[in-house]
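What follows is a single structure, written as structure tokens, with notes after it.
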Amino acid sequence: MRRTFVILCSALVVVLLSGSLASSQTITLRFNHQTPATPVGAQVDQWFAEEVARRTNGRVVIKMFWAEALGKAKEMLPLLKQGAIDMAGLSPAYYTSELPFFTAPNSIPMAMDSPRQAQIIMHTLLEKIPAFQEEARRNHIKPLFFHVLNPYVLVCKQPVRTLEDLKGKKMRTWGEDMPRLAKAAGAVPVTLFLPELYEGLGRGVIDCAPFSYDYTVSYKLHEVAKYVTEVVTWEGPTHATWISLEKWNGLPPDVQRIMLEVAEEAKKKDLEMVIEAEQVARKTLAAAGVEFIRLPESERQKWVTASPDFFTDWVAKMEKLGQGDAARQTVALWKELRAKYR
């Protein structure tokens, strides 16, 4: 009897020790980022990683790889699916076919007005329109939170004071809609990824790049382009902090809860830092001799009038994919939120 009791106690100790070891085992997540470590969004992702490590008492270690160190932006979605990376700081507009719902807020021009409004629109769409979460599941990824950017103005090598001045200029674009915005102004669209912008402007591959003030400083574009035309070409959410759905489902529930809590706080931190970054960057650019040019409202309206109806075209595209109803719901909610938070 005593022998049986000893055996049972020994077995219980082994089980308890196994559970303790499992709960204390370090979970390492490889996070590949599309930007260097300097922009606000990257700083917030670094804070996210450090805060998750702190709140899990070191059980979760998120290793950051900056500036596409583990794979280019156009490779990150397949890398997430394959398990080659666990997390990514990636803009959905690089994957218009795979992520058409997520791409729309990340690419439709002149459709949002401020970082706060963009954050509200993006996360409300994610919460209220089921098609967004379904699209993420189909691609085996989960968005933890979206970053926002300051408005993209025009950073140029020569002054642009009217719409006419853009004719023939080579303008950096991305996705499917920004090239059409460039063509509406008579500019020539050129697709370049973020790490290519400095060299592209320096060597004349492009003449202008829609970019925010703070990103212009982070990427040092003011060293090769001394004119900023203040017209909002694009405003919206930028990269999301994504995690592989398989990796997410394998995390302990308490770790998932902590990561979601930190993600919610990171959203607030991101917005505060973005707004502050614009103010600081504008002073930096002015001190560096950058000339700020206000595009007259009449010229901006000419551009809007000459541009396609991006919302209508996007709904038509989604209709062909059998997602017309969800697309119309998206646009209706988007416009409602834009009007409410203008």
Side-chain angles (χ1 to χ4, degrees), residues 91-93 96 100-101 103-122 125 148-156 158-192 206-213 215-216 225 227-238 278 291-319 327-342:
S91 296
T96 56
F101 276 99
T103 292
N106 187 222
S107 63
I108 292 180
M110 296 183 174
M112 298 186 198
D113 307 298
S114 72
R116 175 174 176 267
Q117 183 196 79
Q119 188 178 83
I120 291 170
I121 289 174
M122 184 65 245
L125 293 176
V148 290
L149 290 177
N150 285 304
Y152 270 33
V153 292
L154 280 178
V155 181
C156 298
Q158 299 88 25
V160 173
R161 305 182 190 279
T162 66
L163 199 61
E164 183 71 22
D165 292 337
L166 273 175
K167 284 191 175 179
K169 294 285 193 302
K170 292 169 287 185
M171 178 174 155
R172 183 257 171 165
T173 61
W174 66 93
E176 297 178 353
D177 293 322
M178 286 301 289
R180 298 197 295 157
L181 183 74
K183 289 179 180 178
V188 179
V190 178
T191 298
L192 288 180
I206 54 173
D207 303 300
C208 292
F211 229 30
S212 64
Y213 295 116
Y215 266 42
T216 296
Y227 300 93
V228 171
T229 299
E230 297 182 306
V231 55
V232 179
T233 58
W234 178 83
E235 167 62 61
T238 176
E278 180 179 66
E291 180 182 346
F292 299 93
I293 303 165
R294 174 73 65 178
L295 190 74
E297 177 60 20
S298 59
E299 293 296 301
R300 192 191 75 85
Q301 284 297 334
K302 285 181 187 177
W303 200 350
V304 172
T305 301
S307 299
D309 185 334
F310 295 107
F311 280 129
T312 298
D313 291 351
W314 181 69
V315 170
K317 173 185 172 183
M318 298 305 290
E319 191 81 64
R328 281 185 285 272
Q329 292 169 11
T330 297
V331 171
L333 181 56
W334 184 333
K335 289 182 176 180
E336 175 188 330
L337 293 167
R338 186 183 189 190
K340 182 176 180 180
Y341 295 100
R342 186 178 293 275

| task | Side-chain contact test, heavy atoms from C-beta onward, threshold under 4.5 Å: evaluate it for Val231 versus Trp303 and give yes or no. | result | yes
| How many angstroms lie between CE in Met171 and CG in Asp207, if you round to the nearest 0.5 Å? | 11.5 Å
| note | Heavy-atom closest pair (Arg338 atom, Gln117 atom, distance to 0.1 Å) is O-NE2, 3.2 Å
| request: Only counting residues at least two apart or in another chain, list the ones meeting side chain to side chain contact (heavy atoms under 4.5 Å, CB included) with Glu278. | output: Asn150, Pro151, Tyr213
| query | Is any side-chain heavy atom of Met122 closer than 4.5 Å to a side-chain heavy atom of Val148? | reply | no
| remark: Those residues at least two apart in sequence (or on a different chain) that pass side chain to side chain contact (heavy atoms under 4.5 Å, CB included) with Glu336 are Leu333
| message | Tell me every residue that passes side chain to side chain contact (heavy atoms under 4.5 Å, CB included) with Val304, counting only those two or more places apart in sequence or in another chain. | response | Met110, Arg300, Gln301
| task | Drop me the distance from Arg328's CZ to Thr312's OG1, to the nearest 0.5 angstrom. | result | 11.0 Å
| message | Taking ring pair (Phe, Tyr, Trp, His ring centres under 6.0 Å) as the definition, give me every residue that meets it alongside Trp334, ordered by chain and number, with sequence neighbours left out. | response | Phe311
| request: Identify, with sequence neighbours excluded, every residue that meets side chain to side chain contact (heavy atoms under 4.5 Å, CB included) alongside Cys208. | output: Leu154, Cys156, Val160, Leu166
| field | Steps toward side chain to side chain contact (heavy atoms under 4.5 Å, CB included) verdict (Ile121, Tyr341) | value | CA-CA 9 Å; Ile121 289 174; Tyr341 295 100; over 6 Å; no
| remark: The side chain to side chain donor-acceptor pair (under 3.5 Å) partners of Thr173 (sequence neighbours excluded) come to none
| With distance as the sole test, does Thr103 use its side chain to make a donor-acceptor pair with the main-chain N or O of Pro92 at under 3.5 Å? | yes
| request: Might you work through the side chain to side chain contact (heavy atoms under 4.5 Å, CB included) test for Val331 and Val315, ending with a clear yes or no? | output: CA-CA 8 Å; Val331 171; Val315 170; 3.8 Å; yes
| request: Mark yes when over 12 heavy atoms from residues, nucleotides or ligands other than Glu230 sit less than 6.0 Å from its CD; otherwise mark no. | output: yes
| task | Output the distance between atom CG (Leu149) and atom OG1 (Thr238), rounded to the nearest 0.5 Å. | result | 4.0 Å
| field | ring pair (Phe, Tyr, Trp, His ring centres under 6.0 Å) partners for Trp314, two or more places apart | value | Phe101
Side chains of residues 178-186: which donor-acceptor partners sit under 3.5 Å, not counting sequence neighbours?
{"unit_1": "Arg180", "atom_1": "NH1", "unit_2": "Asp313", "atom_2": "OD2", "d": "2.8"}
{"unit_1": "Arg180", "atom_1": "NH2", "unit_2": "Asp177", "atom_2": "OD1", "d": "3.2"}
{"unit_1": "Arg180", "atom_1": "NH2", "unit_2": "Asp313", "atom_2": "OD2", "d": "3.3"}

| request: List for me each residue that meets side chain to side chain donor-acceptor pair (under 3.5 Å) alongside Asn106, sequence neighbours excluded, and say none if there are none. | output: none
| field | Listed partners of Glu235 passing salt bridge (charged side-chain N to carboxylate O under 4.0 Å, His left out), at least two apart | value | none
| field | For Thr96, side chain to side chain donor-acceptor pair (under 3.5 Å) partners two or more places apart | value | Glu176
| Is any side-chain N of the basic residue among Glu299 and Arg161 closer than 4.0 Å to the acidic one's carboxylate O? | no
| field | Which atom of Met112 lies closest to which atom of Gly236, heavy atoms considered | value | SD-CA, 3.7 Å
| field | Partner set under side chain to side chain donor-acceptor pair (under 3.5 Å) for Thr305, not counting sequence neighbours | value | none
| Between Trp174 and Tyr152, is the gap from one ring center to the other below 6.0 Å? | yes
